[in-house]
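Below: the structure, in structure tokens.
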Amino acid sequence: MTDIAESANVLLKNDNYVLTTHLNPDGDALGSLLGLGLALLSAGKNAVMVMPHPVPATFQFMPGAQQVKKVDVQAKFDVGIALDCTDITRAGEEAQQVLQKARNLINIDHHISNQYFGDLNVVDAQASATGEIIYDILYEAKIPITSDIATNLYTAIVTDTGSFQHQNTTAKCLQTAAFLLDCGAEHRTIQQHLYEQRSLGSLRLLARGLESLSLNEDGRVAWMTVSQDLLSASGATVDDSDGMVDYVKSLKGVEVGILFKEVNSGETKVSFRSKNYLDVNQLAAHFGGGGHERAAGCTVNGKIEDIERVVIRKTEEQLAVKNCGGPGR
Ligand SMILES: [Mn+2]
């Protein structure tokens, strides 16, 4: 039996589910959580969607967002489902406890760096988004996809493909997106909420960030730094820097775009995006992170200037490694 068929089977056979996703959730994390959660509820199951923090304001429009609950560590469930998590710790400590108490733990994810921590692991690094895998599972389980479920899964795919721009935009991903539109996914509503509601602070931050854009000697590495000072000067929050790394990557001749984000004085989040050949999952893994070949990240402790220097040196080293692909592949 394929992993998809096996997971569909588990979903149909049990009655009591807890679902969660990773901390700092993105559109795929929430779309997968809400899409699968609403599907299980519509199939008459008890399904509780939990997260340690409230759903971020940007994603409140997603159907079912109001049904996400705080984690109750006392509660017990037959099946725990972790969505879009490379590692169970990504769910946060409390959710991890609840998942591990469940009789059966299902890990559904598309990160190449996934740790296979479940009793059943439905991991497909070829999938554009975890939401794409959820669609396959629901199709297999013959659970009808309502417009609310479709809107969530479509949001998952739209966000993880950068609106169908990234390399993970496969024929299958587009076919799935088309099916979801047929099922009633609200394309315009999603676009409006995700891309036409930016705060003034986030645009001011982008302007200042772009002014400080730096390039290495051969022009293949570009980076931007969002320090705490820059945030306060722009009237922006850390969340306002979402998506800025794509501007770094967009520069002609650049293979790797890097965004350094100072979360606090001792901790910096680093986001990597590559265009054609550098495996940034490997690069991020060097600093204890991971993700995908073309999009990955890590969190590094220390002074931001030191982190910048070390990370850029490592990136250049990886680019210099023979057979890393090289231009033209
Ligand atoms: Mn994802």
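Nothing fancy with the numbering, it's 1 onward along the sequence. We count ligands from 1, going down the list as the structure has it; atoms in each ligand are counted the same way. Keep in mind that this is a model prediction, so the values were computed, not measured.
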**Prompt:** What N/O/S atom of D84 gets nearest to the Mn ion (ligand 1)?
**Reply:** OD1
**Item:** Heteroatom of D28 nearest to the Mn ion (ligand 1) (N, O or S, atom name)
**Value:** OD2
**Request:** On the 0 to 90° scale, with breaks at 30° and 60°, tag the Y154-H187 ring pair as parallel, tilted or perpendicular.
**Result:** perpendicular
**Request:** May I have the step-by-step check of side-chain contact (heavy atoms from CB on, under 4.5 Å) for R188 and E196, ending in yes or no?
**Result:** CA-CA 11 Å; R188 230 357 243 152; E196 296 171 3; 3.0 Å; yes
**Request:** Applying ring pair (Phe, Tyr, Trp, His ring centres under 6.0 Å), name anything that partners H22, two or more places apart in sequence or on another chain.
**Result:** none
**Prompt:** Between C173 and N168, what is the shortest heavy-atom contact and its length?
**Reply:** CB-O, 4.1 Å
**Request:** With the Mn ion (ligand 1) at the centre, find the angle made by OD2 from D160 and NE2 from H110, to 10°.
**Result:** 80°
